[in-house]
Amino acid sequence: MTIGNINLNLGNAIKIFGWVANRRSSGKIRFIQLRDGTGVIQCVVMADRVTPEVFELADHIPYESSVFVTGQVQKDPRSSLGFEIAVDNIEVISEALPYPISNKDHGVAFLMDHRHLWLRSSRQTALMKIRSVLTRSARAFFDELGFVSIEAPILTPTACEGTTSLFEVAYFDRSAYLTQSGQLYGEAAAMALGKIYVYGPTFRAEKSKTRRHLTEFWMIEPEMAFWELPEAIDLAEGLICRIVWDVLNECSAQLKTLERDITKLELIKAPFPRVTYTEAIDILKQKGVDIEWGADLGADEESALSEAFDRPVFVTHYPSDIKAFYMKRDSSDSRLALAVDLLAPEGYGEIIGGGQREESLEALEQRIEKHGLPKEPLEWYLDLRRYGSVPHAGFGMGIERALAWITGIHHVRETIAFPRLLDRLSP
RNA sequence: UCCCCGAUAGCUCAAUCGGCAGAGCGAGUGGCUGUUAACCAUUAGGUUGUAGGUUCGAGUCCUACUCGGGGAGCCA
């Protein structure tokens, strides 16, 4: 028996476990809002229905104490759900100490220090439920298309992309690094299995302090042998449509709790606009943004660009100089990389990054040298080009950024149960 | 790494020109037979982040540090 399905038991005697989320008293009648993770229901404690001890208890039991309630489910228009529990008995499982989080406002620092308790709030439980639906939906999307799920290692021998700072850890008598992407391993798996996806954590030691950055976050990264850039873009579009659709269908109560304007999500249907980097620069210039061809798009530019559209926008064909070494060059313009980013609406920034991979051994070797990367640790990656290299493409979607956008919350730190941020490693 | 802002009761915040340390919530007590962040009354609760400095006098001004928040770069 859970609060979530208690409406199936109207008129019945029930027994239920939960925590005291709130209570109020009014002379000879007392109310307890009982929470069990599936929902919240009002328990009504009347003096003529319970023992004096239970009646007293209902007025003083500390918030978040755990209890076992027996009673009867009754219709009552005065309850916000339309029904409530008329209590026969309350057993205290564990009386809570004074609970630090009240119903009034708290600051971010205080809430983050109490993240393990903050998770119990209606807002945070709504976010975690939507996250659960989103990750299940994304995996189902790939599973149903015949992709094979594989896991990439967390501990890696070197900094491969070279651009981002990695977390260094001791690995017996040498150093190792926490992975910044499963992609290179995903490429190896795609050469074995055709279409694969990696779902796992990612670590970036960049000292970023913004609402879009965590030091530990989760990505889902598909990689497809024999696919090229346009097909990868179509796949990314299908993925976003699928997760938005599933969240809209399965999480309407949670979106309401978060006060998300779902009319903006209902617009999210294929096709999404596709612009090249060069076209994006033109759009930005027309909007009066001071930017020249060749510069990377910063946060302000991404926001300005996404404001021009009512749904996510793909930006493709970036200058290869500002993209990673493994990006394939555009055969019709060697200055360009066959890269794609997906910018979310409403200023949430880049939620997908990817592209077509360089399959030529010679080109890749040149690129590694030009980027000043150590070649020896990448030899296994070059082997993928030595033994039956094929065109292939893939991308990574950041779970937290996608979730922040879909739920409309301001900061990615609330999209994961225990966020890891610059200067915040606990709880 | 850089720029901006902040730190006062358990929490959220106030304190006018540098002049008695305040309120709401939470906690305790009392009241109320339908409350919806209940309400009413009442009690307790303070080394004003740390270390110096200016001053008759510092929560308030100055310096340094610590911690936190927002943003940039980088990225998902």
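All chains are named by letter (A, B, ...) in the order of the sequence lines, taking the proteins before the strands, and each is independently numbered beginning at 1.
Comparing B/rU12, B/rC75, B/rC25 by their nearest atom to the side chain of A/Ser102 picks out B/rC25. Which of B/rC75, B/rG68, B/rU1 sits closest to the side chain of A/Ala109 comes down to B/rG68. You'll find that the side chain of A/Phe110 is closest to B/rU12, out of B/rU33, B/rA76, B/rU12. When the nucleotides B/rU33, B/rA37, B/rC75 are ranked by their closest atom to the side chain of A/Ser26, B/rU33 comes out on top. In this structure, the nucleotide among B/rG34, B/rU12, B/rU1 sitting nearest to the side chain of A/Arg78 is B/rG34. Looking at the side chain of A/Gln42, the nearest of the listed nucleotides B/rG34, B/rG73, B/rA76 is B/rG34. Side-chain atoms of A/Asp76 lie closest to B/rG34 of the nucleotides B/rG34, B/rC75, B/rG73. Out of B/rG69, B/rU35, B/rG34, the shortest distance to the side chain of A/Val44 is found at B/rG34. When the nucleotides B/rA76, B/rG70, B/rA72 are ranked by their closest atom to the side chain of A/His411, B/rG70 comes out on top. In this structure, of B/rU35, B/rG71, B/rC32, it is B/rC32 that holds the atom nearest to the side chain of A/Ser25.
Among the atoms of the strands shown, only primed sugar atoms or phosphate atoms (P, OP1, OP2) are found under 4.0 Å from some heavy atom of A/Arg424. Among the atoms of the strands shown, only primed sugar atoms or phosphate atoms (P, OP1, OP2) are found under 4.0 Å from some heavy atom of A/Asp296. Within the 4.0 angstrom heavy-atom criterion, base atoms lie near A/Glu84. If you check every strand for non-hydrogen atoms under 4.0 Å, A/Ile352 touches sugar and phosphate atoms only. Heavy atoms of A/Gly298 sit under 4.0 angstrom from primed sugar atoms or phosphate atoms, though from no base atom.
Shown here, B/rU16 forms no base pair; nothing in the strands shown gives a Watson-Crick or G-U wobble contact with both key distances under 3.5 Å. Within the shown strands, B/rC11 is the pairing partner of B/rG24 under the Watson-Crick or G-U definition, both distances less than 3.5 Å. With a cut-off of 3.5 Å on both pairing distances, the Watson-Crick or G-U wobble partner of B/rA72 is B/rU1. Pairing for B/rG45 is absent, judged as Watson-Crick or G-U wobble with the two contacts each under 3.5 Å. Pair assignment for B/rU54: none, as no Watson-Crick or G-U wobble contacts are both less than 3.5 Å.
The side chain of A/His114 contributes no N or O atom lying less than 4.0 Å from OP1 or OP2 of B/rC11. Contact annotation: A/Lys207 side-chain N/O to B/rU1 OP1/OP2 distance is under 4.0 Å. For A/Arg413, a side-chain nitrogen or oxygen approaches OP1 or OP2 of B/rG70 to under 4.0 Å.
Note that CG of A/Asp261 and CD of A/Glu346 are 7.5 Å apart. Values are rounded to the nearest 0.5 Å. The distance from the OG atom of A/Ser102 to the CG atom of A/Asn22 is 10.0 Å, given to the nearest 0.5 Å. The CG atom of A/Asp282 lies 8.0 Å from the OG1 atom of A/Thr276; values are rounded to the nearest 0.5 Å. To the nearest 0.5 angstrom, A/Leu342 atom CG is 11.5 Å from A/Thr316 atom OG1.
A/Trp293 and A/Tyr277 have perpendicular rings, their planes meeting at more than 60° on a 0 to 90° scale where under 30° would count as parallel. Ring geometry, A/Phe147 versus A/Tyr197: the interplanar angle falls from 30° to 60°, so the pair is classed tilted. Between A/Phe110 and A/His114, the ring-plane angle classifies as tilted under the 30° and 60° cut-offs.
Remark: P of B/rC11 and OH of A/Tyr63 are 18 Å apart, rounded to the nearest angstrom. Taking atom CD of residue A/Glu221 and atom P of nucleotide B/rC75, one finds them 15 Å apart after rounding to whole Å. Going from atom CZ of A/Arg212 over to atom C1' of B/rA76 covers 10 Å, rounded to whole Å. In this structure, A/Asp113 atom CG and B/rG69 atom C1' are separated by 12 Å, rounded to whole Å. Nucleotide B/rG71 holds its P atom 14 Å from the CD atom of A/Glu302, rounded to whole Å. Rounded to an integer number of Å, the gap from A/Asp300 CG to B/rG71 P is 12 Å. A straight line from CG of A/Leu422 to P of B/rC75 spans 18 Å, rounded to a whole angstrom. Per the geometry, CD belonging to A/Glu414 stands 13 Å off P belonging to B/rG69, to the nearest Å.
Applying the 3.5 Å distance criterion, the base of B/rC11 shares no donor-acceptor pair with the side chain of A/His106. The base of B/rC32 lies outside donor-acceptor range of the side chain of A/Arg24, with no N or O pair under 3.5 Å. Counting distance only, with no hydrogens placed and no angle test, the side-chain atoms of A/Ser208 and the base atoms of B/rG73 include a donor-acceptor pair under 3.5 Å.
Nucleotides B/rA7 and B/rG49, compared at atom P, are 8 Å apart to the nearest Å. One C1' atom belongs to B/rU66, the other to B/rA51, and the distance between them is 11 Å to the nearest Å. The separation of B/rC62 from B/rG28, taken at their P atoms, amounts to 42 Å, rounded to a whole angstrom. Comparing B/rA58 with B/rC20, their P atoms sit 12 Å apart, to the nearest whole Å. Rounded to whole Å, the C1' atom of B/rU48 lies 13 Å from the corresponding atom of B/rA14. The separation of B/rC13 from B/rU8, taken at their P atoms, amounts to 9 Å, rounded to a whole angstrom. Comparing B/rG57 with B/rG10, their C1' atoms sit 31 Å apart, to the nearest whole Å. For B/rA15 and B/rU60, the P atoms lie 14 Å apart once the distance is rounded to whole Å.
The 5' end of RNA chain B is approached more closely, in terms of each residue's nearest nucleotide, by A/Met46 than by the other of A/His410 and A/Met46. Comparing A/Ala299 and A/Gly353 along RNA chain B, the residue whose closest nucleotide (by nearest heavy atom) sits nearer the 5' end is A/Ala299.
There is no side-chain donor-acceptor pair under 3.5 Å between A/His392 and A/Glu359.
Here A/Phe217 counts as stacked on B/rA76: its ring centre is under 5.5 angstrom from the base ring centre and the planes meet at under 30°.
The pair A/Lys195-A/Glu223 does not meet the salt-bridge criterion, since no charged nitrogen lies less than 4.0 angstrom from a carboxylate oxygen.
The glycosidic torsion of B/rC20 lies more than 90° away from 0, placing the base in the anti range.
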